Amino acid sequence: MSPSVYPATPPMLAIFCKVVDNFGDIGICWRLARQLWREHGARVTLWVDDLGSFRRIAPQIDVAAAAQQADGVLVRHWDGQDGVFTPDDVADIVIEFFAVDIPPGYVAAMAARTPRPVWFNLEGLSAESWVEGCHRLPSMHPRLKLTKHFFFPGFTAQTGGLLHEAGLDAQRAAFQADRGASGAFLSGLGVTADEMAALKVSLFCYPHAPVAALLAAWAEGPEPVTCLVPEGVAQEAVGAFLGAEARAGRSATRGALTLRVLPFVPQQDYDRLLWACDMNFVRGEDSFVRAQWAGRPFVWHIYPQEENLHHKKLRAFLDRYAAGLDALAGFSLGWNGAVAIASMPVAWQGLRAALPQLAIRAGEWEGEVLAHGDLATNLLEFARALRSGAENPV
Ligand SMILES: Cc1cn([C@H]2C[C@H](O)[C@@H](COP(=O)(O)OP(=O)(O)O[C@H]3O[C@@H](C)[C@H](O)[C@@H](O)[C@H]3O)O2)c(=O)[nH]c1=O
């Protein structure tokens with residue numbers, strides 16, 4: 001366990017997570033919970049409303065259990081409980097993920113507790129500059145004597161940073177330096193030696209990405225490509241390429257492309273998949289961040305929002321990450337429908353040629369972002385400052 005920002009008395013933490021869509025909400029909360037326990041000794045209770053989605057990324061989760069211990073974290077099924085909380089039930093630090101409504105009974109117990117807990121709204125990730133002005137802002141409860149603070153993940157020193165576990169880079173470096181380790185890992189997922197010898201690309205995106213066009217460009221291209229796609233992703237385009245339902249274990253080869261459907265793996269194995277591939281297509285928030293720690297080129301499919309708000313967010317990220325990397329910026333905008341792709345083969349060849357440069361950028365970027373510390377540590381430091389009165393009093 002690395003030194004904690006709460007060395008003497010590790011805090012009790014409660015994280016409230018509602019699964020709005022897919023796996024990112026629980027993916028982020030689970031990752032944060034484990035890190036707070038492992039690296040800071042915090043006693044964490046993770047309240048989550050959808051244990052089925054949780055189980056997809058953490059197979060040890062029992063979907064029938066109201067309460068269970070997993071990896072040092074107390075996982076509680078958030079099943080509409082209310083009015084059953086006393087001040088003793090309340091943690092020192094309460095985190096609501098993505099502005100989720102904490103049960104009113106719990107909030108009332110927070111107000112009745114002495115001292116009152118530190119309360120955070122952990123927001124979604126954006127590279128837009130307004131985030132810096134909102135990070136750490138207080139918001140008073142309209143009736144109760146409680147203040148909640150916004151905590152924004154981000155890429156700069158004026159934000160809360162990104163989730164990144166201690167020792168992650170060493171683990172990744174060891175894995176990537178050991179061809180036997182990545183070979184054994186991929187072979188465990190059914191990838192053959194011939195498939196491993198090709199350019200390996202993992203594909204995780206939303207259904208509206210132009211996957212069929214990219215598969216066609218790879219199939220007709222000059223270089224062998226192995227595309228590894230987790231089950232359930234881009235099902236229509238993958239099924240059309242396979243000529244069969246996209247089930248784990250199925251694969252097909254057309255022209256230069258072999259497409260293989262992988263099982264949806266536990267969260268730690270998804271990291272290994274990113275590390276083992278030559279480039280990665282990722283999406284949402286959590287896989288997007290993990291790709292940034294893989295040291296490999298990646299393309300981001302951003303979670304879509306109304307009125308194409310996500311295009312603004314995408315451009316804000318590309319402005320930071322891809323300045324001077326026109327092939328990546330152009331491909332990313334096209335992949336996300338922010339511009340039209342005139343020719344997918346041409347766009348792909350441009351991106352392919354840039355991969356060595358993008359691998360260098362991946363390493364630089366990681367150093368730049370981690371210079372501002374990691375999210376879990378930054379969050380605990382802010383909580384401690386609030387508690388000690390060094391910041392706006394709670
Ligand atoms: C492909 C794969 C992913 N995963 C994990 C990695 C991540 O923790 C998680 C995927 O989360 P994301 O990349 O964030 O994408 P996502 O699309 O699944 O999740 C989210 O996107 C957010 C922007 C939205 O706010 C959320 O509501 C949610 O939709 O699934 C596995 O554990 N195994 C796998 O095989």
Side-chain angles (χ1 to χ4, degrees), residues 15-35 46 48-50 52-61 70-71 96-100 121-128 131 152-154 162-165 168 185-186 188-191 201-209 211 227-235 238 246-249 260-277 280-294 298-306 309-311 313-314 316-317 336 375:
I15 303 176
F16 285 87
C17 173
K18 261 203 171 118
V19 175
V20 178
D21 204 4
N22 306 323
F23 312 105
D25 308 298
I26 184 59
I28 291 164
C29 292
W30 174 228
R31 200 180 284 295
L32 173 63
R34 274 180 303 163
Q35 192 184 349
L46 172 56
V48 55
D49 67 336
D50 177 355
S53 295
F54 194 175
R55 194 179 146 79
R56 292 291 303 283
I57 62 164
Q60 71 268 42
I61 292 300
D71 273 11
E96 58 179 45
F97 182 69
F98 233 163
V100 66
N121 172 14
L122 176 57
E123 277 288 348
L125 174 62
S126 171
E128 293 164 296
V131 164
F152 280 84
L162 298 176
L163 283 172
H164 181 279
E165 303 85 12
L168 182 66
F185 171 73
L186 289 174
L189 294 176
V191 181
V201 184
S202 77
L203 178 66
F204 187 38
C205 59
Y206 298 108
H208 59 281
V211 173
C227 175
L228 302 173
V229 52
E231 190 173 52
V233 175
Q235 272 174 310
V238 171
R247 291 225 201 102
R260 174 171 289 284
V261 182
L262 302 182
F264 199 91
V265 292
Q267 209 178 37
Q268 285 96 328
D269 281 346
Y270 182 64
D271 270 343
R272 291 190 190 94
L273 178 64
L274 297 175
W275 301 345
C277 285
N280 298 297
F281 284 76
V282 289
R283 77 183 196 190
E285 180 168 327
D286 194 49
S287 60
F288 167 52
V289 171
R290 301 315 281 183
Q292 293 170 51
W293 310 147
F298 65 90
V299 171
W300 180 30
H301 203 216
I302 188 168
Y303 189 76
Q305 287 180 290
E306 279 176 19
L309 266 182
H310 58 296
H311 288 162
K313 286 189 181 169
L314 172 67
F317 174 71
N336 283 280
L375 187 144

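Since we're looking at a predicted model, the values are computed, not measured. Atoms within each ligand, like the ligands themselves, are counted from 1 in listed order.
- Among all non-hydrogen protein atoms, the one lying nearest atom 5 (C) of ligand 1 is Ile57 CG2, 3.8 Å.
- Close contacts between ligand 1 and Gly27 involve ligand atoms 8 (O) [criterion: under 4.0 Å to a heavy atom].
- The salt bridge (charged side-chain N to carboxylate O under 4.0 Å, His left out) analysis of residues 15-29, with sequence neighbours excluded, yields no pairs.
- Atom 27 (O) of ligand 1 has its closest protein heavy atom at Asp25 OD2, 3.0 Å.
- In this pair, His208 and His301 present their aromatic rings tilted. The plane angle is within the 30 to 60° band.
- Of the protein's non-hydrogen atoms, the one nearest atom 31 (C) of ligand 1 is Val265 O, 3.3 Å.
- For ligand 1 and Phe98, the ligand atoms under 4.0 Å from any heavy atom of the residue are 25 (O).
- Not a single heavy atom of Gly124 lies less than 4.0 angstrom from ligand 1.
- Atom 13 (O) of ligand 1 has its closest protein heavy atom at Ser287 OG, 2.6 Å.
- Ligand 1 has no N or O atom lying under 3.5 Å from any N or O atom of Tyr303, backbone or side chain.
- Note that CD1 of Ile302 and CG of Asn336 are 6.5 Å apart. Values are rounded to the nearest 0.5 Å.
- In this structure the side chain of Leu122 reaches within 4.5 angstrom of the side chain of Pro153, judged on heavy atoms.
- For the atom pair NZ of Lys313 and CH2 of Trp300, the computed distance is 7.5 Å after rounding to the nearest 0.5 Å.
- Contact check for Val282 versus Tyr270: side-chain heavy atoms found under the 4.5 Å cut-off.
- For ligand 1, the atoms closer than 4.0 angstrom to any heavy atom of Gly284 are 14 (O), 15 (O), 21 (O), 23 (C).
- Residue-level proximity to ligand 1 for Phe204 is carried by the side chain, the only part with a heavy atom below 4.0 angstrom.
- Of the listed options Lys18, Gln267, Gln305, Gln267 places a heavy atom closest to atom 32 (O) of ligand 1.
- Close approach of ligand 1 to Pro230 (heavy-atom distance below 4.0 Å) involves ligand atoms 1 (C).
- Scanning all protein heavy atoms for the shortest distance to atom 11 (O) of ligand 1 gives Gly24 CA, 3.2 Å.
- Residue Trp30 places every heavy atom at 4.0 Å or more from ligand 1.
- The single protein non-hydrogen atom nearest to atom 8 (O) of ligand 1 is Asp286 OD2, 2.5 Å, given as residue, atom name and distance.
- Residue Tyr270 has no nitrogen or oxygen atom sitting less than 3.5 Å from a nitrogen or oxygen atom of ligand 1, judged on distance alone.
- Interatomic distance, CZ of Arg34 versus CG of Leu46, reported as 10.5 Å (0.5 Å rounding).
- Looking at Arg283, its side chain never comes within 3.5 Å of a backbone N or O of Phe204 through a donor-acceptor pair.
- Put simply, the side chain of Gln267 never gets that close to the backbone of Ala58: no donor and acceptor are under 3.5 Å apart.
- In terms of polar-atom proximity, Phe23 is counted as a contact of ligand 1, with an N or O under 3.5 Å from an N or O of the ligand.
- Note that CD1 of Ile15 and SG of Cys29 are 6.0 Å apart. Values are rounded to the nearest 0.5 Å.
- Listed by number with element, the atoms of ligand 1 under 4.0 Å from a non-hydrogen atom of Tyr206 are 15 (O), 16 (P), 17 (O), 21 (O).
- Between Phe317 and Phe288, the ring planes lie perpendicular to each other; the angle is over 60°, past the 30° to 60° tilted range.
- Atom 4 (N) of ligand 1 has Phe264 CZ, 3.7 Å as its closest protein atom, hydrogens excluded (heavy atom only).
- Ring planes of Phe23 and Phe264: tilted class, angle from 30 to 60°.
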